[in-house]
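All remarks here apply to the structure that follows.
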Amino acid sequence: MRRPDARSLIARVLDPGSWRSWDEPPRDRAAPGSRYERELARARERTGYDESVITGEGRLDGRRVAVVACEFSFLAGSIGVAAAERLVRAVERATAERLPLLAAPASGGTRMQEGALAFAQMVKITAAVAAHRAAGLPYVVYLRHPTTGGVFASWGSLGHVTAAEPGALIGFLGPRVYQALHGAPFPSGVQTSENLFAHGLVDAVVSAGDARDIAIRALSVLCAPRSGLERGPEPETAPGGATAWEAVTRSRRADRPGVRTLLKEGARDVTPLHGTGAGERDPGLLLALARFGAAPAVVLGQDRRRQREEGPLGPAGLRVARRGMRLASELGLPLLTVIDTAGAELSKEAEEGGLAAEIARCLADLVMLDAPTVCLLLGEGAGGAALALLPADRVVCAEHAWLSPLPPEGASAIVHRTVDLAPAVAAEQGVRAADLRRDGIVDRLVPERPDAADEPAEFCRRVAGTLEFEIAGLLGQDPADRLAARFARYRSLGG
């Protein structure tokens, strides 16, 4: 497979003719007449690059962006003091000019010829990237073949969104080093982009051409305007006249639209993210960037179908959700949580994996989140898995969605020692949408005509319009006032 070099990659990703270099001649640390000086000279002559990193700016679908990219053919893309200084200056310039930053590492890591001082440059680069993120600016990473060592363990692993090249070698310790140190080859199939995706460490595995599309979609959300959004007319609110048990029954229809249908029919610029970024994933929790009309959002959605097919929501799913909360907080993006779950995983693994603690942390993070928050009760809302995504500035509820401490059958078994009284228990517990609105848990009910499963596209577009209205309204509020109102809302529940 022929892989693009740094300049070819930039040409594929950026708008034609938009690239402008920021680079100045590097200040070499090689001693005159040394072997290292000769290696640098040969690398420059052979590759046409003056260092292992090039930096600059260009346009991505018309949007001005900063870019840093490694060139592996130049001394294995290794990072020495000069390359690190070039990198850091580019990151700092991107931060000062408030530009999104695209990074494309391809490196064996630290430049061995420069030793410990080169190794410590990873701290300097990481600090610059961390400051860029702390300024609320997007950082998008495309890991290329190969990316290993200190580069992968620093600025290669800090992206808000991270994609990887197909078939790329990506890992902490290069396989040649491992074999030399341990006398045996590294296990095959581990240090690959596809395996990292399977373990929730990267968000996508895509070609260079598709990396352009992902970056465009992601930045359309990450860089979307937060002020001056048109709110539009007040959405219609449903009466919520179904009985509790009718609502429960309707919410369980196999053909009821879930979060993926909502994004397909009601959102645009959808960029799925994948896993915790720390080696875990959960198919029952969808994490994505999306726009509802003009309103941007980080979306955390419980995927009811995946939970039924592959297993209930577990602690890893809640850690994926908390990744989304951090993303929203860091970039000042509105957060949308979507509740649609029959309940969390009940198992030895879930208990030992910290399920209860993750529910508590989600609740604490959501209540304290400085970004605007909207919760959508889309269908089933059973137990702690539902509660974990509930606390929000505004709570929207589908007409036949519901919220309960347990599935009604479980509550009936506790109270009456039989599941046969589940309909009566559901009514007594006030789980239906109209009861939730009466009790101050829900703010607005979205009509179903007569059932979301009978009109999936129309229903999803109706929900999306309501979400745009609510998000735009929250973005127009003073952040301190919004947070104070959230505290007051939950403090007054039942009071």
Side-chain angles (χ1 to χ4, degrees), residues 1-11 19-56 66-93 103-129 142-156 165 168-183 185-186 191 208:
M1 179 189 300
R2 184 172 178 82
R3 302 177 188 273
D5 67 354
R7 294 192 185 104
S8 298
L9 175 72
I10 289 169
W19 171 250
R20 299 290 181 271
S21 175
W22 288 351
D23 295 336
E24 298 177 357
R27 297 176 60 184
D28 293 339
R29 296 188 60 81
S34 67
R35 177 182 174 185
Y36 180 30
E37 184 184 50
R38 293 192 295 273
E39 288 174 340
L40 285 171
R42 283 196 299 270
R44 286 168 181 150
E45 181 180 359
R46 186 179 69 253
T47 67
Y49 289 84
D50 66 354
E51 248 301 345
S52 62
V53 172
I54 60 173
T55 72
V67 179
V68 296
C70 286
E71 176 47 46
F72 190 79
S73 67
F74 190 101
L75 298 183
S78 57
I79 302 299
V81 173
E85 183 64 20
R86 177 176 284 183
L87 263 171
V88 168
R89 288 188 180 189
V91 176
E92 290 174 342
R93 179 170 173 178
S107 172
T110 300
R111 188 165 299 173
M112 293 296 115
Q113 295 92 328
E114 296 184 27
L117 183 59
F119 182 46
Q121 299 299 302
M122 303 307 167
V123 179
K124 182 168 78 174
I125 300 168
T126 299
V129 171
Y142 184 52
L143 299 170
R144 297 153 58 221
H145 175 78
T147 301
T148 61
V151 169
F152 183 46
S154 57
W155 55 285
E165 192 177 42
L169 167 66
I170 303 172
F172 176 56
L173 190 64
R176 187 174 66 180
V177 176
Y178 180 92
Q179 183 157 4
L181 293 176
H182 298 281
F186 196 85
Q191 295 178 314

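Along the sequence shown, the residues carry numbers beginning at 1. Since the model is a prediction, treat every value here as computed from it, not as a measurement.
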Give me the atom names and distance for the closest heavy-atom approach of [X] to [Y].
| X | Y | value |
| --- | --- | --- |
| Leu117 | Gln121 | O-NE2, 3.1 Å |
| Trp155 | Pro105 | CZ3-CG, 3.7 Å |
| Gly33 | Arg38 | O-NH1, 3.1 Å |
| His145 | Ala106 | O-CB, 4.1 Å |
| Thr55 | Asp23 | OG1-OD1, 2.5 Å |
| Val151 | Ser107 | CG2-OG, 3.4 Å |

N-O pairing of Arg86 and Glu51 below 4.0 Å: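 Here Arg86 does not pair with Glu51 in a salt bridge, since their nearest N and O are not under 4.0 Å apart.
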Side-chain polar contacts of residues 72-83 - donor-acceptor pairs under 3.5 angstrom, sequence neighbours left out - could you list them?
unit_1	atom_1	unit_2	atom_2	d
Ser73	OG	Glu71	OE2	2.6
Ser78	OG	Leu75	O	2.8
Ser78	OG	Arg111	NE	2.9

Side-chain contact test, heavy atoms from C-beta onward, threshold under 4.5 Å: evaluate it for [X] versus [Y] and give yes or no.
| X | Y | result |
| --- | --- | --- |
| Ser154 | Ile125 | no |
| Ser8 | Arg2 | no |
| Gln113 | Arg29 | no |
| Arg89 | Glu24 | yes |
| Leu9 | Tyr142 | yes |
| Asp5 | Thr47 | no |

Spacing of CZ belonging to Arg42 relative to CD belonging to Glu45, to within rounding of 0.5 Å: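 It comes to 9.5 Å.
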More than 12 heavy atoms of other residues, nucleotides or ligands under 6.0 Å from [atom1] of [X]: is that the case?
| X | atom1 | answer |
| --- | --- | --- |
| Gln179 | CD | yes |
| Tyr36 | OH | yes |
| Arg93 | CZ | yes |

Any donor-acceptor N/O pair, Glu85 side chain to Pro26 backbone, under 3.5 Å: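 It does not hold such a pair.
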Main-chain N/O of Cys70 paired to Arg144 side chain as donor or acceptor, under 3.5 Å: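 Yes; at least one donor-acceptor contact below 3.5 Å.
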CA sep, side-chain torsions, deciding dist, call: Met122, Thr110, side chain to side chain contact (heavy atoms under 4.5 Å, CB included): CA-CA 8 Å; Met122 303 307 167; Thr110 300; 3.6 Å; yes
Lys/Arg cation over aromatic Tyr49: Arg7, 6.0 Å, 45° cone: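 That pair qualifies as a cation-pi contact.
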